[in-house]
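Below is one structure, written out as structure tokens; the observations come after it.
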Protein chains: 2
Amino acid sequence: MNTKYEAYEQPGVTVDLAIFTVNDNKLKVMLAKRADDPFKDFWSLPGGFIKQGESLEEAANRVLNEKTGVKNVYMEQLYTFGDPARDPRSRVITVAYFALIPWANLSQPESEKVVDLVWSHVDKFPKLAFDHKVILNYAVKRLRAKASYSNIVYGLMPAQFRLSELQTMYEIIINDKLDKRNFRKRMLSTDLLQETGEKDLTGAHRPAMLYQFKKKEIAFLD
Amino acid sequence: MNTKYEAYEQPGVTVDLAIFTVNDNKLKVMLAKRADDPFKDFWSLPGGFIKQGESLEEAANRVLNEKTGVKNVYMEQLYTFGDPARDPRSRVITVAYFALIPWANLSQPESEKVVDLVWSHVDKFPKLAFDHKVILNYAVKRLRAKASYSNIVYGLMPAQFRLSELQTMYEIIINDKLDKRNFRKRMLSTDLLQETGEKDLTGAHRPAMLYQFKKKEIAFLD
DNA sequence: TATACTAAGTGTACAATGAACACTAAGTAT
DNA sequence: ATACTTAGTGTTCATTGTACACTTAGTATA
């Protein structure tokens, strides 16, 4: 190692993830209970140290897969937090990511009796370890902002869905009601959706056409 | 130090800066000639290792001040680059920032015979060290995007300016012509500008009112 | 000192987009 | 057969964006 480098402190580098899903009409984030000090038994955003030879994205995907079992979901880098005092023990810089998972993709959610992982309502979450409250609030803000000018919510939708389900998803994320006719007009004019040809026959009412996204890529709406 | 931490490689952490200014009707970025290996004598974005007890923002401001002599200019975190192979010697993760400096704020630009710093046109720059080409392109993209939906160009304007100078600045950044009347209407309707009461009497033509920004904060235009 | 020159400064008509709003349709349940 | 529920559909009006040309207030110069 170059001697010049040794004049500087080598901080630890972690990734931390704000993993979102929507269930029960609420935007939820995954929290992990810490097993060790510091902040033992506090809830925190799932994360971990970067491993040798692993890129930041690979580390984030590894943590995501370890905690949720899913792969290939929407994920983007959020921000890097490096306050010298954010970890009480030693210098740790964390690169925060946020990820979106359709609830339906989560294998047997809640059923495995994991007590150290919960899906917590983002507007009412417990005291968090480190600066994770700041990170989480930042992630929620970014998600809500992006929902209003992009199609990012596709990351939360199942493979097929009714337009009313898509509208509800938008309403949950942006936390506001939308006009049904204007919403449908706008969505169908974007060329992002296509009919699957199938109908949803559940419920005592007129069946809904089912739609899917043409491609799972972020696009800007306006 | 916790033994758990030692199981992981501790990468070096740097900040790298894309420092922009506009001069001679061109968007320019500061490049620094590397004195040492790796990439000795290549041009690169100015940067440096994080010091003990220094936050990322402090490190970025330190590098900014070392290279340009300025403080308190617009700066934001851009993205964090962590490919394991981005530094050929050892693992180095870099947190990239971008900064904007009005040309007029630069003390005696070019005059001090510094040969290891240049302002390079962003559309035609030399081969860069490391992954700095990727970082620079990302920064330019972000700046150009933000210019079209925010007032970020205030970071490039002197204290007082003519509306036509502001328009030219927008045109340089977004790389497109704007309609004079529509531009003025839009700008004056934002409540971001105020007349200074002074006039610019240079040139053989009707003098222009001089304006300033009410507050130096980013705002969204549409 | 009149005239030419240059950039500053100003308004309107039309097009496109966004927002508000209520009824009919097609199933299931009783 | 009737009630019930969500799906699905258009139009009007307000707001915003876009295209476009002439007058004004100085300086330069003949």
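For clarity, every value in this text was computed on a predicted model and none was experimentally measured.
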* Asked: Does a sphere of radius 6.0 Å around CG in A/N72 hold more than 12 heavy atoms from other residues, nucleotides or ligands, not counting ones at 6.0 Å or beyond?
  ->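 Open: at most 12 neighbouring heavy atoms sit under 6.0 Å from CG of A/N72.
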
* **Residue B/K133 excluded, over 12 heavy atoms near NZ under 6.0 Å** =>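 12 or below, so no.
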
* Protein-nucleotide distance (A/L166, atom CG; D/dG8, atom P), rounded to Å ->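 One finds 12 Å between P of D/dG8 and CG of A/L166, rounded.
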
* To do: Return the value, rounded to whole Å, for the distance between atom CZ of B/R162 and atom P of D/dA25.
  =>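 Going from CZ in B/R162 over to P in D/dA25 covers 18 Å.
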
* Asked: Is a side-chain donor or acceptor of A/D24 paired with a backbone partner of A/K26 at a separation under 3.5 angstrom?
  ->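 Flag not set: sc A/D24 to bb A/K26 has no pair under 3.5 Å.
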
* Looking at residues 178-206 of chain A, who's got a heavy atom less than 4.0 Å off DNA chain C? ->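 Those residues are A/D179, A/R181, A/N182, A/K185, A/K199, A/G203, A/A204, A/H205, A/R206.
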
* Might you point out which heavy atoms bring A/T21 and A/I101 nearest each other, and give the distance in Å? =>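 Nearest heavy atoms, A/T21 then A/I101: OG1-O, 2.7 Å.
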
* Lys/Arg N to Asp/Glu carboxylate O, B/E66 vs B/R62, below 4.0 Å ->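 Yes.
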
* For the pair A/K33 and A/D41, find out whether any cationic side-chain nitrogen is under 4.0 Å from an anionic carboxylate oxygen. =>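 So A/K33 does not pair with A/D41 through a salt bridge.
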
* Mind checking the CZ-CD1 spacing from B/R144 to B/I152? Nearest 0.5 Å is all I need. =>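 Going from the CZ atom of B/R144 to the CD1 atom of B/I152 covers 13.0 Å.
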
* Opening and closing nucleotides of DNA chain C in contact with chain B, under 4.0 Å to non-hydrogen atoms ->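 Contact span on the strand: C/dC5 to C/dT12.
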
* **Chi angles and distances behind the ring pair (Phe, Tyr, Trp, His ring centres under 6.0 Å) call for A/Y170, A/F183** => CA-CA 10 Å; A/Y170 270 91; A/F183 176 81; 5.5 Å; yes

